[in-house]
Amino acid sequence: MAACGGCRFFVLTLRTLSGTSRSASPCALPLTKHSTLSTSARTCSPDSFPSGSRKTPAQVGKPELITPSSGGVQRNLSAVAVPLQGQFRPLCRYDPLDLGDVDENTQKALACKHLKRFIVDPSLARIVTDHLAGDIEDGKAVIFECNPGPGVLTRALLNRGAQRVVALESEANFLPELQDLESKLEGQLDVVHCDFFKLDPIGQGSMKPPAMYSEKLFSDLAISEVPWSADVPVKVVGIFSHRNEKSLLWKLIYNLFERRSIFRYGRVELIMFISKNEYMKLVTRPKDYKNYLAFSVLWQIACDIELLHEEPLSSFLSISRSNKKSTSKSTTSQSDNLCLVRITPREDLFNSHLTPLNGSTLVLMVKQCLAKRKRRLIEQINSWSPGCGSELNSKLCFLDDTMTGDVYPDEYKRLFELMEQSGNFTESWLYEEMLETTHTGHA
């Protein structure tokens, strides 16, 4: 009996030690509780707009308002923590994917045949994933990466613990290496020959990659539509093209207000590098008559805008037409920096008076108002419906000399809602311009 008891004790001890070993496996990502920057609600006060009081690069990591990332500790780690069999490798912080070095990644990126910018420095890729830590920990949204190229950020996202990354690569030269990485993983990475910035081109019929319809992309990835009030289903990460950055942003804002293209599937969030010049326009506030544009008003009506990080242009690899690395000027100013910006569609954007059916009407109304920013608003309203300007001005608590460049984004939304409620307005005042306006738009 004593011997058997000793055996049982020995077996129990081994099982206990074995269980401890498994729970401490280096491939089990630690469940740390991250914090993410909060976006405040819209108001008509210039001091309370989150993006208006911009932070310098040194201040970006020190947000004034932080809230715990919801559901972070409940993240499902099965996709990254369970040991995989055969050719598939487990992803863990103790055995990360190799990000390469700057020279190696630069040589790979030079295979690009078009004007583009790439992240080739592993340290910059880690900075980006540090800002996305809360998003990755939450694990609810699929991450779309635009034009990963040599895949430095792709690997950094996977190393950080991203459960599903979709690499949308427009250059066929980069596909083999990305697809090779995809084959070594088990569902964490999907590689698609697609140009995110060319989704849903005008026209119908068959489409040849990298151009693609968003309906096919989301269907192939088994991503379904969700209600506008639901959580963000997809987060798009990348760098806006410096050739047509503004026209792309206009295309997106039209799609957003009409809930077309990617926004048909819910509140798709953009986490993108954009030029500092365009970022400043996004967050310009009233009374800056030079820079306060329809472009500014519409994005602020539709989205929370948050500056995450500012990086010198010299940190990125820019490819020129000659298929060679472009040379940066020795004297670069801060205006040449790229800003990593989070743009999150507001959950309360649509209501009974503003819907995807009349969203484009709001866009054109704002464009008409901001075409002359020193015109009295009451005159603009009267040009649409004579005699109605005083009544609407009174309801909005505006003075008669309030100019269109003095009106805050939320007030423009409220003006549109009052016009929709009123029986004195029709949309005829917009029909003519609607026929002349393309969805690329102008400020």
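Since the model is a prediction, treat every value here as computed from it, not as a measurement.
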* Looking at P409 and I301, what are the two nearest heavy atoms and their distance? -> O-CG1, 3.3 Å
* Exam field: side chain D406 to backbone M403, donor-acceptor pair closer than 3.5 Å -> yes
* **Sidechain N-carboxylate O distance under 4.0 Å for K184, D180** => yes
* Asked: Does the distance from a Lys or Arg side-chain N to an Asp or Glu carboxylate O, for D130 and R160, drop under 4.0 Å?
  -> yes
* Test: E411 and R414 ion pair at under 4.0 Å -> no
* To do: Please determine if E177 and R155 form a salt bridge, counting it only when a charged side-chain N lies under 4.0 Å from a carboxylate O.
  => yes
* To do: Measure the acute angle between the ring planes of H131 and H309, then classify it against the limits of 30° and 60° as parallel, tilted or perpendicular.
  => tilted
* Asked: Looking just at side-chain N and O atoms, do S275 and N277 make a donor-acceptor pair shorter than 3.5 Å?
  -> no
* Ion pair present between E278 and K246, side-chain N to carboxylate O less than 4.0 angstrom? -> no
* To do: Report the distance from atom CG of N147 to atom CD1 of I239, rounding to the nearest 0.5 Å.
  => 9.0 Å
* Quick one: which residue pairs count as a ring pair (Phe, Tyr, Trp, His ring centres under 6.0 Å) with a foot in residues 133-181, not counting sequence neighbours? => F118-F174, F144-F218
* **Under-4.0 Å salt bridge between K276 and E310** => yes
* To do: Taking Y412 for its side chain and T404 for its backbone only, find out whether a donor-acceptor pair lies under 3.5 Å.
  => yes
* Is there a donor-acceptor contact under 3.5 Å from the side chain of T129 to the main chain of R126? -> yes
* **Ion pair check, R346 and D304, cut-off under 4.0 Å** => yes
* Looking at the rings of F257 and F263, which for Trp means the six-membered one, are their centres under 6.0 Å apart? -> no
* To do: Check whether the side chains of T106 and D103 place a donor and an acceptor atom closer than 3.5 Å, and report yes or no.
  => no
* Residue pair T344 / E269, side-chain donor-acceptor N/O under 3.5 Å -> yes
* Asked: How about S261 and K251: does a side-chain donor come under 3.5 Å of a side-chain acceptor?
  -> no
* To do: For residues G389 and I381, report the shortest heavy-atom separation together with the two atoms involved.
  => CA-CG2, 3.7 Å
* **P233 to V226 - nearest heavy-atom pair and separation** => CG-CG2, 4.1 Å
* Asked: To the nearest 0.5 Å, how far apart are CG in L158 and CG in L153?
  -> 9.5 Å
* Between R376 and D401, does at least one N-O distance fall below 4.0 Å, as a salt bridge requires? -> no
* Judged by modelled atom types alone, do E420 and N358 share a side-chain donor-acceptor pair under 3.5 Å? -> yes
* Asked: In terms of ring plane angle, is the pair Y254 and W250 parallel, tilted or perpendicular, where the classes change at 30° and 60°?
  -> tilted
* Asked: Would you say R285 and Y408 make side-chain contact, with heavy atoms under 4.5 Å?
  -> yes
* Between V166 and L168, is any pair of side-chain heavy atoms under 4.5 Å apart? -> yes
* **Under 3.5 Å side-chain donor-acceptor pair for E169 and H193** => no
* Quick one: do D135 and R342 make a salt bridge, cutoff under 4.0 Å? -> yes
